[in-house]
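For reference, the structure is listed below as structure tokens.
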Amino acid sequence: GAPPTAAAADPLGQTLNDLWRAFMEADAESKELRDCLETQQADFALLREHTDRLEASIDTERAKMDAYHADKMRAIAQQMRTMADQVELRGEVERLREQLRRAHEDDAFRAMAQRAASRTA
């Protein structure tokens with residue numbers, strides 16, 4: 001703005017001019033600082049927004065990893081159940097084989113006994 005007085009020869013006028021100039025400079029600096037502060041606040045708001053998005057993304061990834069690990073653990077448990085079932089089936093097959101072997105032995109023994117009985121008859 002224009003100084004309140006143009007009387008440079010007048011010491012009071014000069015002082016007023018100096019004060020007015022100092023005020024205008026301070027006002028301009030104040031506006032610059034306000035602008036800078038507003039820019040920083042906008043930057044911080046943007047940073048906060050990015051941080052929130054990043055945290056949400058991390059939570060999503062963590063949930064995916066937890067689900068992935070849970071799936072892996074379920075798959076491992078299923079494999080273990082399958083192996084246990086196979087071992088149980090093998091044991092059952094062995095028992096059946098043993099019964100069959102005994103039945104064959106019993107049949108062979110009966111056949112021998114019948115042949116012996118028919119010879120003595």
Side-chain angles (χ1 to χ4, degrees):
T5 176
D10 176 15
L12 179 61
Q14 185 62 45
T15 303
L16 283 174
N17 283 343
D18 292 345
L19 284 172
W20 181 253
R21 199 173 304 109
F23 169 77
M24 292 305 286
E25 286 172 11
D27 190 50
E29 278 180 32
S30 172
K31 282 181 185 145
E32 279 178 35
L33 286 173
R34 267 197 308 277
D35 289 347
C36 183
L37 182 63
E38 284 174 13
T39 302
Q40 281 184 342
Q41 286 173 334
D43 289 347
F44 278 126
L46 204 59
L47 183 62
R48 196 173 302 116
E49 189 179 312
H50 284 305
T51 303
D52 290 347
R53 264 195 243 123
L54 182 62
E55 284 176 347
S57 174
I58 288 169
D59 290 344
T60 301
E61 289 304 312
R62 185 176 294 133
K64 283 183 195 171
M65 287 301 289
D66 289 347
Y68 170 78
H69 287 306
D71 288 346
K72 290 288 271 186
M73 293 303 287
R74 275 193 285 276
I76 290 169
Q78 183 58 49
Q79 286 175 332
M80 291 171 74
R81 269 194 296 277
T82 301
M83 287 166 59
D85 290 347
Q86 288 172 347
V87 167
E88 193 177 331
L89 285 173
R90 272 191 220 116
E92 191 61 32
V93 166
E94 283 303 312
R95 282 192 289 281
L96 290 171
R97 278 192 188 134
E98 183 61 26
Q99 286 177 356
L100 195 58
R101 189 183 59 73
R102 282 197 204 117
H104 283 313
E105 285 175 358
D106 290 349
D107 288 347
F109 181 73
R110 269 195 288 282
M112 275 185 354
Q114 283 175 349
R115 280 196 302 273
S118 66
R119 273 191 223 126
T120 55

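Values reported hereafter were calculated over all heavy atoms of this structure, with side chains retained and with hydrogens, waters and symmetry mates removed.
Other residues sharing a hydrophobic cluster with Leu33 under the 4.5 Å side-chain heavy-atom criterion for ILVMFWY residues do not exist; the residue is a singleton. Taking Ile, Leu, Val, Met, Phe, Trp and Tyr as members and joining any whose side-chain heavy atoms lie under 4.5 Å apart, directly or through other members, Leu37 forms no hydrophobic cluster with any other residue.
Taking the charged nitrogens against the carboxylate oxygens, Arg101 and Glu105 do have a contact shorter than 4.0 Å, which makes a salt bridge. Using a 4.0 Å cut-off between a side-chain N of Lys or Arg and a carboxylate O of Asp or Glu, Glu98 and Arg95 do not qualify as a salt bridge.
Atoms CE and CE, on Met80 and Met73 in that order, are 8.5 Å from each other to the nearest 0.5 Å. Taken to the nearest 0.5 Å, the CD atom of Gln14 stands 9.5 Å off from the CG atom of Leu16. Interatomic distance, CD of Gln78 versus OG1 of Thr82, reported as 4.5 Å (0.5 Å rounding). Within the model, atoms CZ of Arg48 and OG1 of Thr51 stand 8.5 Å from one another, a figure rounded to the nearest 0.5 Å. For the atom pair CZ (Arg97) and CZ (Arg90), the distance works out to 11.0 Å, reported to the nearest 0.5 Å. Atom CD of Glu32 sits about 10.5 Å away from atom CG of Asp27, to the nearest 0.5 Å.
At most 12 non-hydrogen atoms from other residues, nucleotides or ligands lie less than 6.0 angstrom from CZ of Arg62.
Between the side chains of Arg102 and Gln99, no donor N or O sits under 3.5 Å from an acceptor N or O. Ser30 and Arg34 form a side-chain donor-acceptor contact under 3.5 Å, judged by distance and modelled atom types alone.
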Next on the checklist: Checking Glu25 against Arg21 for the salt bridge (Lys or Arg N to Asp or Glu O under 4.0 Å) test, could you report, in this order, the C-alpha distance in whole Å, the side-chain angles of both residues, the deciding distance, and whether it holds?
Outcome noted: CA-CA 6 Å; Glu25 286 172 11; Arg21 199 173 304 109; 5.7 Å; no
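With contacts defined as side-chain heavy-atom distances shorter than 4.5 Å, the pair Leu96/Leu100 does not qualify. With a 4.5 Å cut-off on side-chain heavy atoms, Leu47 and Asp43 do not count as touching.
In this view, Asp71 and Arg74 satisfy the salt bridge (charged side-chain N to carboxylate O under 4.0 Å, His left out) rule, not counting sequence neighbours. For Asp107, the salt bridge (charged side-chain N to carboxylate O under 4.0 Å, His left out) criterion is met by Arg110, not counting sequence neighbours. Residues meeting the salt bridge (charged side-chain N to carboxylate O under 4.0 Å, His left out) test with Arg115, sequence neighbours left out: none.
The main-chain N or O of Asp35 is found under 3.5 Å from a side-chain atom of Thr39 such that the two form a donor-acceptor pair.
Applying the ring pair (Phe, Tyr, Trp, His ring centres under 6.0 Å) definition to pairs two or more places apart or across chains, those involving residues 23-50 are Trp20-Phe23.
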